[in-house]
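What follows is a set of notes on a single structure, which appears directly below.
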Amino acid sequence: MNLKKIVDIYRNIFGKESKNLLTVSAPGRINLIGEHTDYNGGFVLPIAIDRNIYMAGAKRNDRIIRIYSIDYDQNVQFDLDSIRFNKEKMWVNYIAGVLKSLLEINADISGADIVFGGDIPEGAGLSSSAALEVATVYFFKILFDLEISSIEMIKLCQKAENKFVGVNCGIMDQFVSMLGEKDHALFLDCKNLSYENILLKLEGFNVVVCNTNLKRELAGSEYNKRRATCEKAVSSLKRFLPQIGMLRDVSIEEFEKYKYVLDKVAQKRCKHVLYENRRVLDAVNALGRNDILEFGRLMNESHKSLKKDYEVSCSELDIMVDIARSINGVIGARMTGGGFGGCTVNIVKKEVLDKFFRAVNKEYEKRTSIKPGIYICNPENGSRRL
Ligand code: GLA
């Protein structure tokens with residue numbers, strides 16, 4: 001996907017002059033460590049990747065939104081004053097949800113003609129939907145010169161997904177898609193939304209993403225259940241710890257002392273979240289000391305915990321991780337994102353990259369009968385005007 005292609009498609013679809021066409025992009029993400037911690041007010045360390053949603057369009061003088069999705073080859077039209085959930089074309093809801101959220105804060109927007117497309121593999125856990133939300137809000141901010149901060153835009157996107165699409169996701173994906181920085185990982189405290197872009201110096205190593213090509217569905221899945229279990233655990237622990245608002249507020253020592261009030265499953269879920277938070281802090285320290293080996297070790301621990309305690313891995317993800325770890329020179333491998341399919345993230349020594357590609361391609365297909373996807377990822381910038 002490139003700018004010229006998008007502009008050509010726009011002209012073909014809407015048949016208009018493309019002089020005043022606004023074009024923006026927003027990237028997908030992978031998370032290095034800190035999984036299922038965001039909606040518990042914890043810590044995360046994602047990077048924005050060089051796969052994007054691209055959006056181009058122009059204002060209209062009425063309240064009509066016309067959108068063409070390049071990848072789905074579908075057109076949709078709706079009125080800003082009667083936004084409804086679209087059961088047939090799910091992709092529309094990410095855009096419509098953001099527009100609804102904008103209208104709810106009385107943003108002064110009107111209609112637009114839009115085309116969009118992208119190169120983020122869908123359903124791979126690389127947050128193509130968050131990227132679509134972020135591209136949309138950023139596009140409308142610039143098109144209508146809205147006075148709205150990045151953090152407000154991020155929150156609007158999350159609200160669109162929670163309330164309109166119906167997925168109770170945290171804030172990580174939208175945050176890094178909006179504010180990620182080239183060559184940096186984004187260290188985010190999901191409780192107070194303070195963040196720092198940390199230089200990702202992995203001399204001699206690459207971040208490599210492996211796609212299980214097992215599609216994952218977040219909506220209506222185990223995801224909302226995990227979140228509910230964590231929230232219920234907080235209510236139970238409040239009896240002893242009245243000051244806590246989120247799981248993140250519970251220290252490991254307090255958890256170990258009072259965990260007996262929780263059932264066995266809730267104990268495992270909370271254990272993952274609290275120790276994962278600590279792992280993120282340790283991982284950030286390790287990066288600061290240039291201790292890549294320790295960073296990798298923490299990633300491995302994270303996977304173990306996601307598999308055993310949070311139970312969001314699956315056999316394909318575990319096989320992918322096992323194959324990666326069997327290669328000398330892979331110092332960390334774990335599932336990334338919500339789980340139940342999607343991708344793994346690996347820290348791979350540059351000298352063994354060829355071997356890594358060959359082994360994953362061959363072994364993964366042999367063991368699962370699915371062809372994997374493999375990409376080298378460098379941290380890229382978040383949303384931008386093209
Ligand atoms: C999905 C959600 C995020 C986060 C991850 C798990 O990607 O959208 O908010 O909860 O899962 O870490």
Side-chain angles (χ1 to χ4, degrees), residues 29-47 125 127 168-173 175-176 185-196 198 207 218 222-234 237 244-256 258-259 262 264-288 291 294-314 317-318 321 331-340 342-347:
R29 65 96 189 91
I30 53 160
N31 189 16
L32 296 176
I33 194 160
E35 220 64 86
H36 288 277
T37 48
D38 61 352
Y39 52 82
N40 287 302
F43 303 106
V44 292
L45 191 68
I47 62 177
S127 294
N168 241 338
C169 66
I171 204 159
M172 164 171 75
D173 308 343
F175 211 102
V176 70
L186 190 142
F187 172 39
L188 171 65
D189 178 334
C190 299
K191 184 180 177 189
N192 59 22
L193 301 188
S194 62
Y195 69 100
E196 196 186 330
I198 295 185
V207 176
L218 260 189
E222 292 286 308
Y223 186 92
N224 289 353
K225 247 203 216 163
R226 293 292 180 285
R227 185 170 180 158
T229 303
C230 293
E231 283 163 3
K232 194 163 157 243
V234 171
L237 290 167
I244 63 169
M246 311 177 94
L247 201 47
R248 135 79 184 278
D249 300 326
V250 181
S251 71
I252 287 181
E253 294 66 32
E254 287 166 338
F255 168 68
E256 294 297 347
Y258 297 117
K259 66 182 181 194
L262 308 173
K264 285 281 172 273
V265 171
Q267 284 191 24
K268 291 209 287 183
R269 307 295 189 248
C270 294
K271 177 179 166 212
H272 164 74
V273 173
L274 295 176
Y275 284 86
E276 182 80 349
N277 275 337
R278 183 181 277 180
R279 279 189 286 272
V280 178
L281 299 178
D282 290 346
V284 169
N285 282 330
L287 273 186
D291 189 349
E294 172 64 1
F295 191 81
R297 192 191 66 78
L298 291 161
M299 286 174 66
N300 292 339
E301 286 292 305
S302 168
H303 185 80
K304 193 159 115 200
S305 174
L306 287 158
K307 176 181 170 180
K308 296 232 151 74
D309 290 328
Y310 219 64
E311 295 179 280
V312 289
S313 189
C314 62
L317 282 167
D318 295 339
V321 162
I331 57 150
R334 60 180 286 274
M335 54 155 278
T336 185
F340 304 108
C343 291
T344 65
V345 53
N346 308 270
I347 308 288

List in chain and number order the residues that pass salt bridge (charged side-chain N to carboxylate O under 4.0 Å, His left out) with Lys232, two or more places apart in sequence or in another chain; answer none if no residue qualifies.
-> none
Do Tyr223 and Cys169 touch side chain to side chain, with heavy atoms closer than 4.5 Å?
-> yes
Heavy-atom pair with the smallest gap, counting every atom of Leu298 and Arg279 = O-CD, 3.6 Å
Residue pair Phe255 / Val273, side-chain heavy-atom distance below 4.5 Å = no
Taking side-chain contact (heavy atoms from CB on, under 4.5 Å) as the test, write out the residues that go with Arg248, two or more places apart.
-> Phe43, Asp189, Lys191, Asn277
By side-chain contact (heavy atoms from CB on, under 4.5 Å), Asn285 pairs with (sequence neighbours left out) Arg289
In terms of heavy-atom contacts, Val234 and Gly245 come closest through CG1-O, 3.8 Å
Specify the closest pair of heavy atoms between Ala333 and Asn346, including all atoms of both residues, with the distance to one decimal.
-> CB-OD1, 3.2 Å
Side chains of Cys190 and Val44: does their closest heavy-atom pair fall under 4.5 Å?
-> yes
Test side chain to side chain contact (heavy atoms under 4.5 Å, CB included) on Val312 and Arg226 and set out the steps.
-> CA-CA 9 Å; Val312 289; Arg226 293 292 180 285; 3.6 Å; yes
Can you sort out the partners of Asp309 under salt bridge (charged side-chain N to carboxylate O under 4.0 Å, His left out), two or more places apart, ordered by chain and number?
-> Lys271
Full working for side chain to side chain contact (heavy atoms under 4.5 Å, CB included) between Leu32 and Phe187 | CA-CA 10 Å; Leu32 296 176; Phe187 172 39; over 6 Å; no
For the residue pair His272 and Tyr310, does the interplanar ring angle fall in the parallel (under 30°), tilted (30 to 60°) or perpendicular (over 60°) class?
-> tilted
Listed by chain and number, what are the side-chain contact (heavy atoms from CB on, under 4.5 Å) partners of Ser127, not counting sequence neighbours?
-> Arg29, Ala130, Asp173
Just jot down the side-chain hydrogen bond (donor to acceptor under 3.5 Å, both in side chains) partners of Glu294, sequence neighbours excluded, or say none.
-> Arg297
Where do Ile331 and Asn300 come nearest, in terms of heavy atoms and distance?
-> O-ND2, 3.6 Å
For the pair Asn168 (side chain) and Asn224 (backbone), establish whether a donor and an acceptor sit closer than 3.5 Å, ignoring hydrogens and angles.
-> no
Please list, chain by chain and in numerical order, all residues satisfying side-chain hydrogen bond (donor to acceptor under 3.5 Å, both in side chains) with Glu256, sequence neighbours excluded.
-> Lys259, Tyr275
So, Asn40 side chain and Cys230 main chain: donor-acceptor pair closer than 3.5 Å or not?
-> no
Can you name the side-chain hydrogen bond (donor to acceptor under 3.5 Å, both in side chains) partners of Thr336, sequence neighbours left out?
-> none
Step by step, would you call Phe175 with Tyr195 a ring-ring contact (aromatic ring centres under 6.0 Å, His included)?
-> CA-CA 10 Å; Phe175 211 102; Tyr195 69 100; 5.2 Å; yes
With sequence neighbours excluded, tell me which residues meet salt bridge (charged side-chain N to carboxylate O under 4.0 Å, His left out) with Glu196.
-> none
Taking all non-hydrogen atoms of both residues into account, name the closest pair between Leu317 and Gly342 and its distance.
-> CD2-O, 4.1 Å
Sorted by chain and number, sequence neighbours left out, side-chain hydrogen bond (donor to acceptor under 3.5 Å, both in side chains) with Lys308 holds for none
For His303, what residues pass the ring pair (Phe, Tyr, Trp, His ring centres under 6.0 Å) criterion, not counting sequence neighbours?
-> none
If you look at every heavy atom in Val345 and Met299, which pair is closest and at what distance?
-> O-CE, 3.5 Å
Take Glu311 and Lys307, measure what salt bridge (charged side-chain N to carboxylate O under 4.0 Å, His left out) needs, and give me the verdict at the end.
-> CA-CA 5 Å; Glu311 295 179 280; Lys307 176 181 170 180; over 6 Å; no
Salt bridge between Arg334 and Glu301, side-chain N to carboxylate O under 4.0 Å?
-> no
Ile47 CD1 to Leu186 CG distance, which is reported to the nearest 0.5 Å = 11.0 Å
Could you grab the distance from atom CG of Leu45 to atom CG of Leu188, nearest 0.5 Å is fine?
-> 10.0 Å
Give, for atom CZ of Arg278 and atom CG of Leu274, the distance between the pair rounded to the nearest 0.5 Å.
-> 9.5 Å
Sequence-distant partners of Thr229, side-chain contact (heavy atoms from CB on, under 4.5 Å), two or more places apart | Ala266, Arg269
Would you tell me whether Glu276 and Ser302 have side-chain atoms, one donor and one acceptor, within less than 3.5 Å of each other?
-> yes
Straight-line distance of Tyr258 OH to Cys270 SG, nearest 0.5 Å = 15.0 Å
